[in-house]
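Note sheet for the following structure.
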Amino acid sequence: MKRIMLIAFIALLAVSLIGCSSEETSDTIKIGVNYELSGPVATYGNNTVDGIKLAIQEVNDAGGINGKMVEAVILDNKSDPAEALSVATKLIAEEQVIAHLGPATSGAALNVVPAVTDAKIPMISGSATNPDVTVDPATGETREYVFRTCFTDPPQAIVGAAFAMDNLGAKKVAIYYDNTNDYSKGLYQVFKAEIEAAGGVVVAEEGFSADDQEFRPTLTKFKDAGAELVYVPAYYEKVAKIISQARELGIDVPFLGADGWDSPDLVAIAGAAALNNTYFTNHYSSSDDAPEVADFVKAFQAAYDKTPDSFAALGYDTAKLLLAVIAETGSEDPQVITDALAATKDFPAVTGTLTFDEFHNPIKEIAIIEMVDGAQVLNTKIAPSN
Amino acid sequence: METLIAQILNGLSLGSIYALIALGYTMVYGIIQLINFAHGEILMIGAYVGYFSVAVLGLNIYMALLLSMFVSSLVGVLIERIAYKPLRKSGRLSVLITAIGMSLLLQNGGLIVFGTDFVPFPQVIERIPYRLFGGRFVVTSHQILIFAVSILMMLLLQYIVGYTKIGMAMRAVSYDKEAASLMGINVDNVISFTFVIGSSLGAVAGVLLGLYYQTIHPLMGFMPGLKAFVAAVLGGIGVIPGAMLGGFLLGIIEALVSGYWSTTYKDPVVFVVLIVILIVKPTGLLGKNTSEKV
Amino acid sequence: MFKAKKVSKMFGGLAAIKDLHLHIEPGELVGLIGPNGAGKTTAFNLMTGVYSPTEGELCFVGENVAGLKPYIITNKGIARTFQNIRLFKSMSVIDNVKVGFHGHIQYSLFSAFFHGKTYRTVETEMENRAMHLLQIFNLQDKRDELASNLPYGEQRRLEIVRALAAKPKLLLLDEPAAGMNPQETKQLMALIHKIRQDFQLTILLIEHDMSLVMGICERLYVLDYGRIIAEGTPEEIKNNPKVIEAYLGEEALHA
Amino acid sequence: MTKKQILVLSSTLFFVWFVVYMATDVWGLINSFQQVNIIWAGINVILAVSLNLVVGFTGQLALGHAGFMAVGAYTSAVLTMHFGIPYVLAILAGAVMAFFMGIVIGLPTLRLRGDYLAIATLGFGEIIRGVLVNIDYVGGAAGINGIAKITNWTWTYIFTIITVVLINNFIHSLHGKACITIRDDEVASELMGINTTYYKTLAFSMGAFFAGIAGGLYAHYFFMIQPATFALQKSFDALVMVVLGGLGSITGAVLAGLGVTFMNAALIELGAFRMVIYSVLLILVMMFRPQGLMGNKEFSARVFDRILPKRGGKDDV
């Protein structure tokens with residue numbers, strides 16, 4: 001029994017140990033970056049952070065903001081919501097950042113929200129699509145300090161469904177979504193509702209899990225169900241495999257997806273031929289000739305020797321937006337920055353001209369990208385109706 | 001009926017991959033009764049070596065395979081010599097925990113060295129779908145390749161273990177290490193040789209997995225490795241044809257669960273099957289009964 | 001007290017024990033001897049439930065115990081020691097003995113978690129009884145040593161103490177004198193005699209040391225190739241030609 | 001243990017609680033990051049000590065600890081959110097649920113030899129996760145969000161102390177010793193009249209019970225739970241703590257639980273490198289000190305006797 005006393009002492013010791021953290025006064029502007037750099041969704045985090053780093057590098061190369069350099073404190077949340085909260089508190093309490101970027105996934109972002117709200121620090125996620133991230137579902141009120149630069153699930157799925165029915169003339173669709181991913185599930189639910197509301201039929205719907213590589217059994221099922229279009233709201237790596245396996249099985253119907261498709265690796269994995277007759281909704285196209293997009297793609301390629309995917313673009317936009325607001329207000333007061341962020345209007349982002357609505361969601365045009373012989377071709381641009 | 005056959009074909013192709021990985025597990029387990037948790041990671045290393053040989057060194061696929069088998073064997077033997085060998089006399093628990101540690105180390109080391117992105121694997125062998133019976137069933141060139149390789153490997157292993165001198169030494173070591181060493185068998189070398197074979201098999205599986213599923217990733221070995229182990233247990237661990245049988249069965253079970261129920265129940269079902277097998281026939285379908293010495 | 005009827009044990013196609021017949025009367029001290037590999041330990045394993053016999057009946061105090069789990073058989077009153085000592089190495093000497101009490105001194109799980117009054121009274125009682133047993137075997141000074149740190153002879157003695165703690169009616173000793181010098185063996189013989197008296201035990205022992213076997217056993221069974229080839233008093237066995245052949249055969253093999 | 005020792009012990013425990021409580025809630029000395037880590041420390045100590053009961057003391061390599069944590073977390077979260085059950089009751093209910101799952105899983109699988117058990121329990125953890133992903137009532141892959149944040153320093157401390165004391169008591173009882181004999185020599189144990197299956201299942205489900213408590217604490221602090229949180233990685237984390245601390249040492253498990261938590265916090269900037277460090281440590285410990293850093297030693301009571309003014313009575317633990 002007595003050893004418990006020792007334990008108690010050690011607990012005390014530990015408390016005093018973590019009590020002595022270093023306090024440093026800095027003449028830099030500190031931005032907290034809390035992303036998934038390891039663990040199952042490390043790809044999203046790493047690509048987003050590449051974009052963030054590029055944006056900060058550009059600002060610093062141009063002399064910083066008001067003579068101060070921008071310093072990003074980048075920490076890994078291991079793709080774990082609890083760890084994300086831990087990282088957020090570290091950034092806020094110990095690094096004393098004035099703004100918080102990330103995390104990538106909605107689950108982790110939701111876990112961070114109370115911490116930034118308590119500390120009154122603005123937070124922007126580049127890819128947390130769950131509507132609850134910026135709006136408290138219990139009260140229906142917008143969370144004052146939380147913003148996102150990506151779409152929420154509904155607009156993309158609504159536009160996608162309309163495109164499937166009207167432009168591609170598909171009445172019978174199958175949906176194949178990532179059951180372990182709330183982004184994917186969110187799109188699936190809205191898409192299904194939209195299709196059914198417009199008089200279409202969902203002939204088959206299936207979830208896969210993040211570890212899956214073998215999709216033939218389910219695709220065989222879709223084939224038997226007579227689907228005229230397959231909606232795959234997932235990330236490019238799975239999408240590429242799904243489409244190439246489907247084409248091998250002789251499923252020639254169009255495939256439709258969302259911004260998670262956007263990566264040069266989509267073509268590298270699936271091959272150009274398999275991707276013909278596939279479409280996805282996106283904020284932008286890396287083949288877009290708008291100057292912001294072209295410059296960004298060029299700079300990104302120069303820095304990392306690869307083409308940016310949508311995570312990188314959103315990360316870049318997120319950081320650029322924040323830094324622009326800081327520069328504009330000339331203030332390092334988180335409250336001032338928060339208020340200015342909420343008032344953002346027509347910010348020229350790579351992923352489309354950005355205006356925040358009352359729910360802190362961006363209003364952007366949605367582009368429909370068609371894959372033609374391995375190249376992304378802008379099929380049409382649609383402004384979401386809601 | 002047609003769908004059923006199509007699904008069984010789907011299952012067979014997945015199953016040949018499990019079988020190929022399971023052979024490696026079974027080899028090592030058969031000789032030193034160790035679940036080499038790091039086998040999946042050796043597979044991953046094999047896949048990356050294959051990738052670099054093709055994409056960076058510009059070697060052809062056969063040279064890439066050889067190089068990847070060589071490097072994987074080296075890693076396998078190193079792991080055995082550094083981490084497992086010193087523990088040969090300590091309890092099972094220690095070795096098992098070390099194996100888990102190795103697996104974690106290689107996974108996380110891989111994430112740091114190779115990055116967290118999925119790397120597209122160069123499609124050096126063309127994917128040709130063959131449509132049978134007017135397109136009702138589809139078999140691709142890759143599926144045939146993997147199926148053939150796994151059968152070939154099984155036969156080769158059977159031959160090595162059953163009809164060669166080193167195979168006899170391996171069997172002797174698996175029965176009784178001490179007696180084997182008294183008979184003049186160099187036990188260390190035999191165990192190393194086992195790891196060479198197991199790891200080479202892992203490398204082949206890794207490269208084929210890369211070719212077949214088009215990407216590689218530092219964590220690519222873990223889940224298939226685990227499933228393959230389940231397959232090995234299902235068929236009777238330590239029994240070479242058992243690994244094969246278990247692999248095919250597991251693949252077919254997964255395909256049928258995905259096809260007739262839901263993909264998301266596939267993994268739970270696989271593990272339920274494992275637990276049931278362990279309870280009903282712990283030695284697996286083709287396994288032999290052994291009892292503990294007192 | 002104990003009867004084995006037509007007991008056989010097959011491993012694969014091989015019979016380790018074939019048609020074993022044994023009977024032990026209450027209070028007897030019986031020896032089981034035979035050349036190496038004759039199946040003596042296998043016989044013990046069958047009697048204690050480690051193996052279940054392929055066929056045949058094992059009766060203990062009028063009840064068939066064949067195929068029962070080892071812990072049930074132990075709790076019915078058969079305890080044993082092992083040829084290659086199997087103490088609980090990471091436990092202290094006294095804890096090894098306390099574990100032996102397991103089947104007949106207990107308190108509830110609740111007491112175990114909350115260390116209430118029953119816990120304390122039972123623990124004290126066990127402590128006293130364990131010390132008493134250790135004293136008989138002259139191990140009382142080692143009570144807090146780790147079992148694995150004891151010298152070989154003391155480990156053998158501790159195994160017997162642990163078996164006694166299980167309050168057996170029948171005690172099976174598997175080569176209790178193995179590795180002991182003549183002096184120690186002599187002491188052990190005296191000890192076995194003493195505990196048989198004090199605890200009213202029936203004892204069956206396997207032994208290689210002929211002086212010990214001939215010295216203390218009242219009756220002997222000789223096992224060869226899994227079969228009983230002879231039975232009788234030490235005098236009878238000494239002169240039994242079959243036994244001599246079995247042993248000589250073995251010696252010839254060794255030479 | 002004498003009355004005096006109990007007094008000193010409980011006042012020390014109270015003092016620790018009081019100091020941390022004041023530092024957090026009144027003096028404001030402990031910032032939010034440190035608070036998160038203190039809660040983690042408690043949860044990790046519970047996980048390490050409870051898994052040690054299974055792996056360290058009973059010698060059964062179980063890799064499904066996170067699965068039981070998930071059962072506790074989900075059960076307690078559903079109870080507080082949808083049924084308005086009070087916090088403490090909900091946590092206990094979660095633990096009881098985990099306990100029963102432990103029996104259901106343990107009874108069949110614990111008959112298996114060590115290495116099969118590892119795989120079977122690992123598989124079980126995956127089954128739990130796979131099933132949770134498929135249940136829409138608990139949010140599927142997105143999990144449950146908006147659980148009341150009730151867990152605080154006081155609750156964590158109480159549950160941690162209770163866990164450590166109870167498991168410590170158990171280990172030093174006859175029942176606990178029966179478990180240890182299984183680790184030392186399962187055959188001999190059975191031949192000493194010990195129903196090994198019963199005790200293995202008991203240790204396993206007791207471990208599950210406390211893992212369930214850890215899950216309940218977790219759910220009501222991080223207010224959101226997802227199946228992915230309770231993946232294999234969490235089970236491995238717990239195993240790392242047990243191995244580092246010492247297979248079969250309560251003190252070791254407590255130290256490792258605290259140590260790993262604070263190391264995690266201190267090395268947060270290393271990101272993915274942390275896992276490499278842990279796995280290397282795991283291997284090195286197995287190679288050079290297979291019994292773990294503390295081995296099966298506990299902190300000797302004598303340390304305290306020296307601190308105390310007068311030597312107390314005989315130590316009963």
Side-chain angles (χ1 to χ4, degrees), chain A residues 1-15 17-19 21 37-42 73-83 85-94 106-107 110-111 114-115 118-119 130 132 136-138 178-182 184-186 207 209-210, chain D residues 1 5-6 8-9 12-13 15-16 19-20 23 29-38 40-41 130 133-134 140-143 145-146 149 161 164-165 168 218 222-224 226-229 231 233 250-251 254-255 258 261-262 265-266 268-269 271-272 275 298-299 301 303-304 315-317:
Chain A
M1 277 298 275
K2 271 181 295 181
R3 65 193 55 113
I4 290 162
M5 282 200 293
L6 205 103
I7 294 159
F9 272 107
I10 285 153
L12 251 185
L13 205 81
V15 167
L17 197 89
I18 58 164
S21 65
L37 304 181
S38 65
V41 293
V73 184
I74 302 170
L75 294 181
D76 171 23
N77 64 34
K78 302 204 269 189
S79 309
D80 177 355
E83 189 76 13
L85 173 58
S86 178
V87 164
T89 55
K90 160 112 179 156
L91 290 170
I92 294 165
E94 299 200 337
S106 298
L110 279 169
N111 230 22
D118 286 349
N130 185 332
D132 295 353
D136 186 342
D178 184 345
N179 191 37
T180 51
N181 182 303
D182 33 358
S184 191
K185 267 185 114 168
S209 76
Chain D
M1 192 152 137
Q5 282 172 321
I6 293 180
V8 173
L9 175 66
T12 315
L13 289 176
F15 179 71
V16 171
V19 169
V20 177
L29 286 177
I30 295 183
N31 71 32
S32 52
F33 178 57
Q34 291 154 348
Q35 285 175 34
V36 172
N37 283 303
I38 289 173
W40 258 130
V133 165
N134 282 299
N145 184 22
K149 184 172 178 175
I161 298 291
V164 174
V165 169
N168 187 60
Y218 177 96
F222 292 103
F223 51 79
M224 119 154 243
Q226 292 183 314
T229 304
Q233 192 59 48
I250 302 267
T251 323
V254 172
L255 287 180
L258 296 175
T261 309
F262 294 117
I268 198 163
E269 269 140 73
M275 276 317 293
E298 301 292 352
F299 254 107
V303 177
F304 284 100
D315 187 23
D316 69 348
V317 290

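None of the values given here were measured: they were computed from a predicted structure. Chain identifiers are assigned alphabetically (A, B, ...) following the order of the sequence lines, protein sequences preceding nucleic acid strands; residue numbering begins at 1 within each chain.
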Between [options], which shows the greatest number of heavy-atom pairs under 4.5 Å with chain D?
{"options": "Gly107(A), Ala42(A), Ala82(A)", "value": "Ala82(A)"}
{"options": "Leu37(A), Leu110(A), Asn179(A)", "value": "Asn179(A)"}
{"options": "Asn130(A), Asp118(A), Leu85(A)", "value": "Leu85(A)"}

| Do Met275(D) and Ser38(A) come close enough that some side-chain heavy atom pair is under 4.5 Å? | no

| query | So do Phe33(D) and Leu91(A) actually touch side chain to side chain, heavy atoms under 4.5 Å? | reply | no

| request: Sort Val73(A) into side chain, backbone, both or neither according to what part of it lies under 4.5 angstrom from a heavy atom of chain D. | output: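 For Val73(A), no heavy atom lies under 4.5 Å from chain D.
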
| said: Is Asn181(A) in contact with chain D via its backbone, its side chain, both, or neither, using a 4.5 Å heavy-atom distance? | reply: backbone

| field | Derivation of the side-chain contact (heavy atoms from CB on, under 4.5 Å) call for Gln35(D) and Thr89(A) | value | CA-CA 9 Å; Gln35(D) 285 175 34; Thr89(A) 55; over 6 Å; no

| For Ile268(D) against Lys90(A), the heavy-atom pair lying closest together |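 Taking every non-hydrogen atom into account, CG2-CE, 3.5 Å.
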
| query | Which heavy atom of Gln226(D) sits nearest a heavy atom of Pro81(A), and at what distance? | reply |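 Reported closest heavy-atom pair: OE1-CG, 3.2 Å.
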
| remark: Here the gap from Ile92(A) atom CD1 to Asn31(D) atom CG, rounded to the nearest 0.5 Å, amounts to 10.5 Å

| Atom pair CD/CH2 of Glu83(A) and Trp40(D) - distance to nearest 0.5 Å | 7.5 Å

| query | Under a 4.5 Å heavy-atom cut-off, does chain A meet the side chain of Glu269(D), its backbone, both or neither? | reply |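 For Glu269(D), backbone and side chain are both near chain A.
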
